[in-house]
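We count ligands from 1, going down the list as the structure has it; atoms in each ligand are counted the same way. In this text the structure is predicted, and so the values were computed from the model without any measurement.
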Amino acid sequence: MSEIHNFVILGGSGAGLNIAHSFLRYIEPELKKLGETHHVYIVDSSTHFFWNTGSPRSMVSDTLLPADNLFMPIADGFTSYDPSVYSIIHGKVESWDTASREVAIKLADSQNIQTLRYHALVLATGVRTPSPATSLHGDHAITKAALADLNNKIASATSVIVCGGGPTGVEAAGEIGHFLNGSAWWFYSRPTNPRAKVTLITNSNKLLPVLSEPLARQAEIFLNKVGVDVVYNVSVVSSAIDTDGKTTVNLSDGRQWTVDVYIPASGTTPNSEYVPANLKNNRGYVKTDATTLRANVSAGPRVYVAGDVGDHSRGGFHNLYAAIPVLVTNIKRDLLAAATASPDGVDVKLEGPDRLFTPNTSESQAVPIGPRGVGAVNGWGLPSFLIWLLKGRDYMIGNIPRTVNGNNAPIP
Ligand SMILES: Cc1cc2nc3c(=O)[nH]c(=O)nc-3n(C[C@H](O)[C@H](O)[C@H](O)COP(=O)(O)OP(=O)(O)OC[C@H]3O[C@@H](n4cnc5c(N)ncnc54)[C@H](O)[C@@H]3O)c2cc1C
């Protein structure tokens with residue numbers, strides 16, 4: 001039997017899962033015809049995929065969108081494949097040695113370190129938000145507990161601060177405002193009898209950086225309609241949980257507020273601690289050839305960057321879905337070339353042109369705000385009811401099985 005080549009994917013979310021399915025369905029069979037044996041490893045610190053898109057609603061109450069509906073075991077998506085060609089490793093990638101072409105993984109069950117050698121490597125470990133309620137911070141149980149904790153606190157809250165004027169902050173504030181305060185009548189700008197003071201704080205002079213000024217203003221009007229006030233040009237300097245469970249928040253303008261619930265929703269941190277410093281930009285994102293989506297050449301051959309962890313990424317699924325076909329095409333080219341290379345592996349010759357990625361820089365985003373919403377596709381503003389229909393209705397949870405099962409995995 002020929003040597004087994006490990007195709008290792010770090011991160012089993014939107015990016016990693018799509019690549020895994022494309023590889024198993026379309027690339028591995030072609031390599032097999034050449035007499036090459038490959039084994040796919042999907043490494044993730046969570047056993048379950050998490051649909052973070054739905055978290056702004058699930059954090060408010062299980063009655064609106066049960067948190068259980070946002071998770072699906074990664075393993076469930078792979079049962080149709082021959083078990084001898086893939087493995088799912090539940091563990092956290094701790095380090096990456098580009099010289100020996102190995103990654104070190106801390107296994108969740110035993111806490112032992114497993115080293116895994118790779119023939120090809122995909123970095124797809126994404127980013128995390130400040131709150132574990134809105135992104136995975138290790139195993140999915142941590143996120144589930146964070147969502148349940150917020151459900152409990154929000155149920156009786158009379159004061160809430162959400163920090164962050166991006167879509168997560170705006171959606172969370174909208175959901176909380178709608179749940180606690182209801183919605184203003186047709187000709188009113190605010191609910192007449194609000195239960196809670198809900199405040200959205202942003203350090204910018206505008207909400208929703210991706211969307212135009214008029215849509216951002218419309219977002220504030222819709223927030224007001226569910227009893228949310230917006231404070232601009234202020235940031236949260238620090239926060240501390242008090243002994244009574246409330247949170248005291250210190251603001252950059254010197255004010256100090258104590259609230260029942262504080263939700264930090266500004267900014268993201270790339271999950272790239274395991275990546276050597278020379279392969280990251282100064283914000284921690286992995287340096288990526290923005291057209292071929294291969295990692296920087298100093299990472300070595302057959303290393304790819306997928307999804308939000310790359311410095312090429314603008315975030316969001318529409319950019320992800322545009323990038324995956326490019327990635328799998330270039331992965332297939334490289335692996336076929338490696339399979340036909342001389343035994344020393346040096347003279348790998350790539351035939352034909354690479355497939356190139358063009359980012360979508362248009363104004364495209366959908367932001368539900370309670371029963372309403374703002375958004376645009378390719379620069380065209382969408383009416384509020386369409387945002388509700390497309391996203392606000394159920395936060396698109398139908399995409400969870402589609403992603404885990406790889407229904408949309410592209411043909412390279
Ligand atoms: C609250 C929220 C709402 C969003 N809503 C939308 C939306 O409505 N529309 C839209 O288009 N986009 C939305 N996004 C963005 C979208 O979720 C991301 O673009 C997408 O999830 C990126 O996928 P990814 O595979 O690159 O990374 P991620 O989804 O971030 O997944 C990374 C995976 O890597 C794993 N991982 C991380 N570090 C390690 C490690 N060291 N070892 C092992 N495993 C690791 C994680 O457990 C995770 O499974 C939202 C994001 C957030 C946070």
Do the side chains of Glu213 and Arg217 get close enough for a salt bridge, i.e. N-O under 4.0 angstrom?
yes

Exceeds 12 heavy-atom contacts within 6.0 angstrom, atom CZ of Arg283:
no

Under a 4.5 Å cut-off applied to non-hydrogen side-chain atoms, are Ile89 and Leu116 in contact?
yes

Under 3.5 Å between any N/O of His318 and any N/O of ligand 1: does that happen in this structure?
no

Under 3.5 Å: N/O of Ser45 near N/O of ligand 1
yes

Is the closest basic N to carboxylate O distance between Asp260 and Lys246 below 4.0 Å?
yes

heavy-atom search around atom 50 (C) of ligand 1 in the protein gives Asn52 OD1, 3.7 Å

Is there at least one pair of N or O atoms, one from Ala366 and one from ligand 1, spaced under 3.5 Å apart?
no

Which residue is it: Phe23, Phe7, Tyr41, Phe78? I am looking for the one with a ring-ring contact (aromatic ring centres under 6.0 Å, His included) to Tyr86.
Phe78

Among Tyr274, Tyr321, Phe317, which one puts a heavy atom closest to atom 11 (O) of ligand 1?
Phe317

Answer yes when Asp394 and Arg57 have at least one side-chain N-carboxylate O distance shorter than 4.0 Å, and no when they do not.
no

Please report whether ligand 1 has a polar contact with Thr168, defined as an N or O pair separated by less than 3.5 Å (distance criterion only).
no

Under a 4.0 angstrom heavy-atom cut-off, which atoms of ligand 1 come close to Ser13?
25 (O), 28 (P), 29 (O), 31 (O), 32 (C), 33 (C), 49 (O)

Can you confirm, on distance only, whether ligand 1 has an N/O atom lying under 3.5 Å from any N/O atom belonging to Ala15?
yes

Sub-4.0 Å heavy-atom contact, Leu10 with ligand 1:
no

Output the list of atoms in ligand 1 that are nearer than 4.0 Å to some heavy atom of Gly316, sorted by atom number.
10 (C), 11 (O), 12 (N), 19 (O)

I'd like to know whether ligand 1 has Lys391 as a neighbour, heavy-atom separation below 4.0 Å.
yes

Pick whichever of Val305, Val275, Asn319, Asp308 has a heavy atom sitting closest to atom 18 (C) of ligand 1.
Asp308

Find all atoms of ligand 1 within a distance of less than 4.0 Å from any non-hydrogen atom belonging to Ser55, and give their numbers and elements.
1 (C)

Check this for me: Tyr188, atom OH, are more than 12 non-hydrogen atoms of other residues, nucleotides or ligands nearer than 6.0 Å?
no

Looking only at protein heavy atoms, identify the closest one to atom 6 (C) of ligand 1 and say how far it is in Å.
Thr53 OG1, 3.4 Å

Output, in order, the C-alpha distance, side-chain angles, deciding distance and verdict of salt bridge (charged side-chain N to carboxylate O under 4.0 Å, His left out) for Glu171 and Lys391.
CA-CA 11 Å; Glu171 288 174 7; Lys391 185 172 169 188; 2.8 Å; yes

Given side chains that start at C-beta, do those of Met396 and Thr53 come closer than 4.5 Å, heavy atoms only?
yes

Does Pro56 have a heavy atom less than 4.0 Å from any atom of ligand 1?
no

Asn271 pairs by side chain to side chain donor-acceptor pair (under 3.5 Å) with which of Lys92, Arg128, His137?
Arg128

Got the closest protein heavy atom to atom 39 (C) of ligand 1, with its distance?
Thr125 CG2, 3.6 Å

